[in-house]
Structure formats: structure tokens, C-alpha cells
Asker: 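Below: one structure in C-alpha cells.
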Number of protein chains: 2
Amino acid sequence: MQQPEHLKNAGLKSTVPRLKVLSLFESGQERHMSAEDVYKLLLASGDDVGLATVYRVLTQFEQAGLLVRHYFEGGKSVFELNQGKHHDHIVCLQCGRVEEFYDTAIEARQEKVASDRGFSIRDHALHIYADCTKKQCPHKP
Amino acid sequence: MQQPEHLKNAGLKSTVPRLKVLSLFESGQERHMSAEDVYKLLLASGDDVGLATVYRVLTQFEQAGLLVRHYFEGGKSVFELNQGKHHDHIVCLQCGRVEEFYDTAIEARQEKVASDRGFSIRDHALHIYADCTKKQCPHKP
DNA sequence: ATGCAAATGATAATCGTTCTCATTTGCGAT
DNA sequence: ATCGCAAATGAGAACGATTATCATTTGCAT
């Protein structure tokens with residue numbers, strides 16, 4: 001059980017809801033989850049935390065650097081474990097599957113584009129919306 | 001007055017609110033506007049259209065290809081005239097100013113990344129969030 | 001000019017998210 | 001162990017952006 005350490009290091013006291021949310025992400029079962037997703041999965045596994053708490057905890061975890069928040073199209077934001085390595089996303093419009101990628105050339109060009117224009121990058125989001133070309137989408141929404 | 005043609009071509013009958021919204025975008029005064037922005041600007045210039053109508057018209061224009069919608073962080077979407085040429089955006093986190101850019105290398109790499117993974121791109125959004133490095137931000141939010 | 005489908009505007013409803021506040025809990029000091 | 005209190009929680013209200021409802025108005029083909 002290493003979660004309490006994570007929370008301590010993040011300056012958050014280890015409470016039941018926080019441990020549950022964190023271990024849900026660490027279970028690896030679902031990598032990208034919205035607040036609603038987290039809430040429903042916890043309810044489904046018998047743990048009942050309030051929806052408000054889920055929102056609060058997700059925001060705290062984001063601020064603490066434990067999670068990363070993404071704003072995909074459609075208005076709702078999704079979270080994933082912060083594993084240090086930045087990456088961008090391809091979202092399948094058919095099945096909603098999210099695949100991650102990292103491209104050095106793209107990253108470098110972004111820096112150039114920004115500095116050429118007198119900006120210093122704080123963050124960026126590259127979302128490619130696409131269709132799987134495989135016969136059938138392997139995952140469901 | 002060429003707007004009625006635009007609307008006709010888009011299969012939309014030319015009504016007063018639609019003409020007003022379109023000419024607001026074509027005035028070039030503000031390039032990126034949210035529904036609320038459009039609504040307030042129209043009110044300010046004495047034209048009173050309903051907020052619901054603004055939302056409807058913006059969505060129709062987007063579907064008709066007259067406008068492009070962007071989902072920036074913060075939940076609200078902004079629209080701009082569709083001038084055919086795709087481009088991405090740098091958003092200043094201090095003042096909210098939006099600058100456009102297009103980078104061939106980035107576009108090409110995206111295609112490669114997607115096809116390498118068996119996806120065919122339908123759309124993409126690259127948003128760089130940054131700070132102006134200039135002494136003071138030139139535009140306000 | 002006339003009629004009617006389509007469009008509008010006011011308002012209610014919805015959705016994701018945040019706020020409020022009374023109750024509960026983690027945890028350092030005893 | 002247990003006490004006390006600040007911090008965290010949960011239920012529900014409140015919120016902002018957007019969409020749906022529905023009675024009234026308007027564009028436009030006849």
C-alpha cells in the first residue's frame with residue numbers, strides 16, 4: 001500500500017475517498033475517466049462517495065500533480081494518472097477509444113512556433129479526432 | 001450585400017437574425033467570439049436577437065461550414081469565420097488573446113502518427129496555452 | 001396579398017461542475 | 001487510547017453554458 005505516501009508527498013491527508021479515487025486510477029482498469037465515470041465506478045464497487053467529493057478530489061489531485069486533466073470536445077473533462085511523460089491523444093470518433101502518442105518533431109515545432117511569436121508555452125493540448133480504419137472498433141465508448 | 005447569397009448557398013433562408021450574426025463576423029471587428037459575445041455585441045449595437053437564436057444560428061452556421069467552432073479550455077466554445085484554410089491556435093493565459101498559426105511540419109507529422117496507428121484523421125485541435133513574453137499583454141480578455 | 005412551414009424569442013429544462021453548510025473524520029497532542 | 005479541532009465529506013442548492021419547448025412571428029412561394 002503506497003498510496004498514503006503519494007498523498008502525504010502531495011500535502012494531502014489520506015482520507016477514505018481520496019484513497020479510493022487514487023486506487024481506482026492505479027488499478028489501471030480505465031486510464032481516462034471523467035468525474036462521472038469515477039463516481040459511477042466507485043458506486044458500482046460498493047464504495048459510496050459523494051459526487052461533490054469526487055470533483056473536489058480530482059481537482060486536488062490535478063493541482064498536486066497526481067493526475068492530468070484533459071478537455072476533450074463535448075465539454076466534459078477527463079483525468080488520467082500523471083506518469084511524468086507528456087503525450088498527446090487520438091480519440092476515435094466511432095468508439096471513443098483514446099490512444100496516446102508522443103512525437104518529438106511536433107513538440108519541437110510547437111516550441112518554435114510559440115517563441116517565434118513571443119510566447120512562452122505553459123501547456124498545450126493536441127487532440128486528433130479520427131476513425132479507426134480497422135474493420136471494427138475494438139473498444140466501446 | 002453578399003450575405004444573402006452565403007446563406008442561400010448554405011441552404012438557409014435569409015432571416016434578420018442570421019444576417020446580423022453573419023455580418024458581425026464579417027465585420028472583422030472580433031475574430032473569435034463565444035455565443036455570449038455575439039449576443040452582447042448585437043444587443044450593444046441596438047439589434048435585439050434572443051440568446052437562444054444566437055446559439056441556434058451559430059450551430060447552423062457551423063454545420064453549414066460558414067463558421068468553425070473551437071473548444072478551448074474553460075468550457076465555453078468560440079466561433080470564427082471559416083476561411084477555408086485550417087490553422088491552430090495559441091491562447092494567451094494572461095489576456096485571453098488568440099493568435100493563429102499553421103505549421104506544415106506539424107500537420108504532416110500528425111498524418112503520419114495517425115496512419116501509423118491505423119486511424120484516419122477527421123479533425124484535430126492543437127491549442128497552445130502560453131504567456132505573452134512582451135512587457136504587457138496588448139489585449140484584454 | 002395569402003398561407004403555411006420555418007424561424008424566432010421567452011422561458012424552462014438539462015448537463016457538468018462548483019458552492020454551502022451541517023455533520024463527520026483524520027490525526028497530533030494529551 | 002482518547003480528546004479536540006481543523007480539515008474533509010455528503011447532500012443538496014446554485015451556477016454557467018447550452019439545449020429544448022412552445023406560442024407567436026416572419027420569409028417567401030403562390
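Order of the sequence lines sets the chain letters (A, B, ...), proteins ahead of strands, with each chain counted from 1.
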Asker: What is the per-nucleotide protein-contact pattern of nucleotides 7-17 of chain D, from the 5' end, where B denotes a base atom under 4.0 Å from a protein heavy atom, S denotes such proximity for sugar-phosphate atoms only, and - denotes neither?
Answerer: SSBBBB----S
Asker: Using atom OH of B:Y71 as one end and atom P of C:dG16 as the other, report the distance to the nearest whole Å.
Answerer: 14 Å
Asker: Quick one: which residue pairs count as a salt bridge (charged side-chain N to carboxylate O under 4.0 Å, His left out) with a foot in residues 42-63 of chain B, not counting sequence neighbours?
Answerer: B:K20-B:D47, B:E62-B:R69
Asker: Rounding to a whole Å, what distance do you find between A:L19:CG and C:dG26:C1'?
Answerer: 11 Å
Asker: Regarding B:H87 and B:E99, do their side chains bring together a donor and an acceptor under 3.5 Å, going by distance alone?
Answerer: no
Asker: Does D:dT18 have OP1 or OP2 sitting under 4.0 Å from an N or O in the side chain of B:S34?
Answerer: no
Asker: With sequence neighbours excluded, what pairs up with B:H124 under the ring pair (Phe, Tyr, Trp, His ring centres under 6.0 Å) test?
Answerer: B:H86
Asker: Using the C1' atoms of five pairs at each end, what's the angle between the two axes of the helix from C:dA1-D:dT30 to C:dT30-D:dA1, to 10 degrees?
Answerer: 30°
Asker: For B:K20 and D:dG27, give me the distance from atom NZ to atom P, rounded to whole Å.
Answerer: 10 Å
Asker: Under the rule for salt bridge (Lys or Arg N to Asp or Glu O under 4.0 Å), what residues qualify as partners of B:K112, not counting sequence neighbours?
Answerer: B:D116
Asker: Fit a plane to each ring of B:F72 and B:H70, take the angle between them on a 0 to 90° scale, and name the class: parallel (under 30°), tilted (30 to 60°) or perpendicular (over 60°).
Answerer: parallel
Asker: To the nearest Å, how far apart are B:L43 CG and C:dT8 C1'?
Answerer: 15 Å
Asker: So which atom in B:R18 and which in B:K13 form the shortest heavy-atom distance, rounded to 0.1 Å?
Answerer: NE-O, 3.1 Å
Asker: For A:D88, which residues count as a salt bridge (Lys or Arg N to Asp or Glu O under 4.0 Å) partner, sequence neighbours excluded?
Answerer: none
Asker: Considering all heavy atoms of both residues, which atom of A:L58 and which atom of A:A35 are nearest to each other, and what is their separation?
Answerer: CD1-CA, 3.6 Å
